[in-house]
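Please read the structure below before turning to the comments.
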Amino acid sequence: MKFCVTTPIYYINGEPHIGHAYASIAADILARFRRLDGSEVHFSTGTDEHGIKVARSAETASMDVHKFSDLMSQGFRDLGKLINLSQDDFIRTTEERHILSSQKLWRLMADDIYKGSYSGWYSARDEEYVSEEDVVDGKAPSGAPVEWMEEESYFFRLSAYQDKLLELYEKNPDFIAPVSRRNEVISFVKGGLKDLSISRSKFDWGIPIPNAPGHVMYVWIDALANYITSLGFPENTHRVSEMMANCVHVVGKEILRFHAVYWPAFLMSAGLTLPKRIFAHGWWTSEGQKMSKSIGNVVDPQKTIEKYGLDSVRYFLFREIRFGEDGDFSEKALQQRISYDLANDLGNLVQRVLAFIQKIGGLRVNYDFTDAEMPLFEDSRNLVEKLRILVDKQDLHGALIEIWKLVSASNKFVNDMRPWELAREDDNRLNLVLTALCESLRAIAFGIAPFMPDTARKIFDFMNVEGKSFKEIEANFSDQVFPSPFLLFPRE
RNA sequence: CGCGGGGUAGAGCAGUCUGGUAGCUCAUCAGGCUCAUAACCUGAAGGUCGGAGGUUCAAAUCCUCCCCCCGCAACCA
């Protein structure tokens, strides 16, 4: 099985914040799950570095634009390290391989590209076109005066793809997720598609268009192409095709249209394989308010992770809200999740079971389960299959809930079975109960492994489990003494 | 009449398609247990289901009207 997952490539015109971390961790969880499940995975992330805004920011910072890009891109690479990203490739749109790839894509789309002229209200001060509705009294929203401009531009015949796109959405109901977003896109496309201006000639910080001096590509062509560059385009066409067919693009809802409309149209035009799914995630507010620099409530991934721990934050982001919806990031909510879900439920379960086994001198297995242990055992062995279905739908929130059902069931099982009494009265039953609990702990550890790799690793080590593949769940435990467990989420 | 989603316990949500005693998580209160990170388990309280009208033996659920909130509405990464 092949699986490909991507994060958006991040525009380097700003510092990494929790939103970037969120998208990246989502993709990381999907990648890790599929690796544990035995798939061949390609997981790419990277930075988008061209465009007028970057050129201008470099100027403002009095830096050479290449140097500026190196610096800003590194910030996102560092973020990846911070959040334990398991990417297979970090791509920069300024790399040679990507320039060649984008130009090749352009050539393949040539039949749908024509030269025309682009006209609109242009703000010289902002160096950008302003849409009709935004022009008030001859002024841009920034207050700068606008003038009617016309320039030579290349256009992509997007209008020719309206029906094909609608057919795509119709035939592949899961192409765009979540459903609410899908409806928005369909309604947008049904509203009629205009041809797209795909070149710029007012600045040169972009990928040169083949045989068109003075023109660089519209950043979105360049940005979207990163996904196939990373897969080896244009050389390795077989792999590109194979992987794209199994590719999930995780994107922010603000860039859904580019991925769900333009990108498939470009690929159709170039005769390339379309991705399997575009998944649009929501946005985080901070303490109930929109994150903004002026309010000063922007959540800094670095500080948050330093304070609360990486796995706790990774858990929180996907447990607190359904993936795809908006949510609120508050320290109180984060602290509660850590305390209740992680320390009290999961951490305490691991501790009470493993410390107990340690106390009685090790695990002596007994798999001749009775009706008392069987349900827990079966739930443990069936967990991955349930998660597979959910993760396939990118329902990461649902997956965590499913795992926590087993955590709760296990805690209840301990209460009901009272192993501390069995230790005095009934060795046979004690072994049955502890064997069933080891099974559930191992299943839980595998379940959380994509979400909280470090925490899962600790549990695996506590139990002498390798932790490399879901297949390990199928093997029975043997009699053994485990290493001493320590607290997974200690209180301050 | 631009398109779409939503308004259900203090908070966040499920239930609406296929009408029939209103459910989940957290918070609150009480009890149980004591292996464990003062953790865990059980039970209780709490809602005129945005408003009005209608259909029906019966409406959160179907119909009509109204109020409120939120997305999308192209060159913005």
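Numbers restart at 1 for each chain; the letters A, B, ... are given by sequence-line order, proteins then strands. If you're wondering where the values come from, they're calculated on a predicted model, not measured in any experiment. The figures that follow rest on heavy atoms only: side chains count, while hydrogens, waters and symmetry mates do not.
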Quiz item: Within the distance-only criterion (no hydrogens, no angle test), does the side chain of A/Ser101 pair as donor or acceptor with the backbone N or O of A/Arg97 below 3.5 angstrom?
Solution: no
Quiz item: Are A/Phe90 and A/Phe76 close enough that their ring centers fall under 6.0 Å?
Solution: no
Quiz item: Nearest 0.5 Å, what's the CG-CD1 distance between A/Leu231 and A/Ile228?
Solution: 8.5 Å
Self-check item: A/Lys202 to A/Tyr122, cation-pi by 6.0 Å centre distance and 45° axis angle
Solution: yes
Quiz item: Between A/Tyr10 and A/His20, is the gap from one ring center to the other below 6.0 Å?
Solution: yes
Quiz item: Expressed in whole Å, how much space separates the C1' atoms belonging to B/rC70 and B/rA52?
Solution: 24 Å
Exercise. Encode nucleotides 37-42 of chain B as B, S and - characters from 5' to 3', where the letter depends on protein heavy atoms closer than 4.0 Å: B to the base, S only to sugar-phosphate, - to neither.
Key: B-SBSS
Quiz item: Does a side-chain heavy-atom distance below 4.5 Å link A/Thr45 with A/Thr6?
Solution: no
Self-check item: Rounded C1' spacing from B/rU34 to B/rG12 in Å
Solution: 33 Å
Quiz item: Pick the nucleotide of RNA chain B nearest each of A/Asp341 and A/Val353; which residue has the one closer to the 5' end?
Solution: A/Asp341
Quiz item: Which nucleotide, B/rC75, B/rC35, B/rC76, lies nearest any side-chain atom of A/Phe356?
Solution: B/rC35
Self-check item: Base partner of B/rA60, which must satisfy Watson-Crick or wobble distances under 3.5 Å
Solution: none
Quiz item: Do any side-chain nitrogens or oxygens of A/Arg418 fall under 4.0 Å of OP1 or OP2 in B/rU34?
Solution: yes
Which atom pairs link the protein and nucleotides 2-13 of chain B when you take only N or O atoms and keep those under 3.5 Å?
none

Self-check item: Ring centres under 6.0 angstrom apart (A/Phe155, A/Tyr114)
Solution: yes
Quiz item: Any idea which of B/rC76, B/rC75, B/rG71 is nearest the A/Arg200 side chain?
Solution: B/rC75
Quiz item: Quick check, are the ring centers of A/His66 and A/Trp205 under 6.0 angstrom apart?
Solution: yes
Quiz item: So how far is it from A/Met417 CE to A/Arg429 CZ, rounded to the nearest 0.5 Å?
Solution: 6.0 Å
Quiz prompt | Any strand: nucleotide that pairs with B/rA44 via Watson-Crick or wobble, under 3.5 Å | solution = B/rU28
Self-check item: Integer angstrom distance from the C1' of B/rC68 to that of B/rG31
Solution: 43 Å
